[in-house]
Amino acid sequence: YHHINTHFDSVQRLYTHSKFFITTVSVINPALLSITSNTRGETYLGLFWVVWTLQIVVSLVTAYVTFFKWDKKYFVYMVYRQRVEQEIWMYLELTGKYSIVHPLNEAELLLMHTTNQTKLRHLLMRLESLYRKIQESDYTIENTEHSEHEHGGVTDTDARDGKRMRQKLMAHKIDIL
């Protein structure tokens, strides 16, 4: 949970600040240009260079957001953070799948109900599974920059998870051989 929370916090901060800056400057720039209509005055020239500089900075921030994929990472980490929190709360409250008595668990059969102790292993396996999925999602996000022709028609966006993507790439490599 610490890994997801740490990454989510940093990506959330970068994503929200960059989006706020881009949106604010996109609204302010036209307003600055419309302040004066005298194109020969010093005020207009100063405002022109301020707007020009702000547009360059907006372009750079947009390029950073795209290059580092802060937008995609923000939404992925947000979803996985919610899933982990939901899983932990279901375990603590023994609701959902944690309330079901497993027929092969002798302790649960004797008590005829579940306990946190009897479902701890299930929780840890589920958290490990979620951690693997977020690692695969991270890998997929980081490698979506490759074009379709570089993979011979296999794109990362076609693959919904890392396993399916690896299978397609292996099939493509076998076809080449």
Side-chain angles (χ1 to χ4, degrees), residues 1-89 124 126-173 175-176:
Y1 181 75
H2 178 70
H3 170 79
I4 295 171
N5 202 33
T6 303
H7 280 71
F8 176 75
D9 289 343
S10 63
V11 168
Q12 178 187 28
R13 201 170 20 264
L14 292 168
Y15 175 75
T16 54
H17 285 91
S18 62
K19 285 298 180 186
F20 178 77
F21 177 77
I22 290 169
T23 304
T24 304
V25 171
S26 297
V27 170
I28 289 175
N29 272 351
L32 288 175
L33 283 177
S34 68
I35 287 177
T36 182
S37 60
N38 182 6
T39 59
R40 297 192 194 280
E42 286 185 33
T43 305
Y44 180 81
L45 189 59
L47 287 175
F48 172 80
W49 286 111
V50 167
V51 169
W52 184 83
T53 304
L54 285 173
Q55 280 305 117
I56 294 295
V57 174
V58 164
S59 297
L60 287 171
V61 170
T62 303
Y64 289 139
V65 168
T66 302
F67 181 74
F68 293 112
K69 299 168 181 70
W70 293 333
D71 51 348
K72 293 178 184 178
K73 288 181 179 181
Y74 169 74
F75 291 110
V76 166
Y77 277 105
M78 181 181 61
V79 166
Y80 279 101
R81 181 179 173 183
Q82 289 174 347
R83 286 184 185 173
V84 167
E85 288 174 353
Q86 179 184 24
E87 201 70 35
I88 291 170
W89 278 110
L124 295 176
R126 183 71 181 130
L127 292 177
E128 184 178 340
S129 171
L130 288 170
Y131 181 75
R132 275 194 313 270
K133 286 179 183 178
I134 197 166
Q135 293 298 322
E136 287 178 0
S137 294
D138 251 353
Y139 176 78
T140 302
I141 289 171
E142 290 297 325
N143 292 308
T144 56
E145 62 198 38
H146 302 295
S147 66
E148 187 173 289
H149 72 282
E150 288 175 351
H151 291 297
V154 179
T155 62
D156 292 333
T157 54
D158 290 341
R160 293 290 178 222
D161 59 10
K163 184 177 178 182
R164 198 165 116 203
M165 183 177 69
R166 287 190 300 270
Q167 289 172 344
K168 285 185 175 186
L169 289 173
M170 289 304 295
H172 178 68
K173 287 179 183 178
D175 290 341
I176 292 173

> To the nearest 0.5 Å, how far apart are CZ in Phe68 and CD1 in Ile141?
Replying inline: 14.5 Å
> Can you find a heavy atom in the side chain of Val25 that is under 4.5 Å from one in the side chain of Val57?
Replying inline: no
>> salt bridge (charged side-chain N to carboxylate O under 4.0 Å, His left out) for Arg81 and Glu85? Distances and angles first, verdict last.
In response: CA-CA 6 Å; Arg81 181 179 173 183; Glu85 288 174 353; 3.4 Å; yes
>> What verdict does the side chain to side chain contact (heavy atoms under 4.5 Å, CB included) test give for Val84 and Ile88, after you've listed the backbone C-alpha separation in whole Å, the side-chain angles of each residue and the deciding distance to 0.1 Å?
In response: CA-CA 6 Å; Val84 167; Ile88 291 170; 3.8 Å; yes
>> Determine whether Trp70 and Ser18 satisfy the following criterion, side chain to side chain contact (heavy atoms under 4.5 Å, CB included), listing intermediate values before the conclusion.
In response: CA-CA 9 Å; Trp70 293 333; Ser18 62; 4.2 Å; yes
> Under 3.5 Å, side chain of Thr23 to main-chain N/O of Phe20, donor-acceptor pair present?
Replying inline: no
>> Evaluate Gln135 against Tyr131 for side chain to side chain donor-acceptor pair (under 3.5 Å), listing each step before the verdict.
In response: CA-CA 6 Å; Gln135 293 298 322; Tyr131 181 75; 3.3 Å; yes
>> Return the CD to OG1 distance between Glu136 and Thr140, rounded to the nearest 0.5 Å.
In response: 7.0 Å
> Taking NZ, NE, NH1 and NH2 as the nitrogens, is one of them in Arg132 or Glu128 under 4.0 Å from a carboxylate oxygen of the other?
Replying inline: yes
> Taking atom CD of Gln82 and atom CD of Glu87, what is their separation to the nearest 0.5 Å?
Replying inline: 13.5 Å
> Could you state the interatomic distance from CG (Leu33) to CD1 (Ile28), rounded to the nearest 0.5 Å?
Replying inline: 12.0 Å
> Could you state the interatomic distance from OG1 (Thr24) to CG (Asn29), rounded to the nearest 0.5 Å?
Replying inline: 11.0 Å
>> So which atom in Leu32 and which in Leu47 form the shortest heavy-atom distance, rounded to 0.1 Å?
In response: O-CD1, 3.4 Å
>> Students often mix this up, so state it plainly: with edges at 30° and 60°, are the rings of Trp49 and Trp52 parallel, tilted or perpendicular?
In response: perpendicular
>> Measuring from atom OG of Ser129 to atom CG of Leu124, what distance do you get when rounded to the nearest 0.5 angstrom?
In response: 12.5 Å
>> Using the rule given for side chain to side chain contact (heavy atoms under 4.5 Å, CB included), can you reason through Tyr77 versus Asp138, listing the C-alpha separation, both sets of side-chain angles and the distance that settles it, and then say yes or no?
In response: CA-CA 9 Å; Tyr77 277 105; Asp138 251 353; 2.5 Å; yes
> Are Lys73 and Glu142 close enough for a salt bridge, meaning some N to O gap below 4.0 Å?
Replying inline: yes
> Are any of the side-chain heavy atoms of Tyr15 and Phe75 separated by less than 4.5 Å?
Replying inline: yes
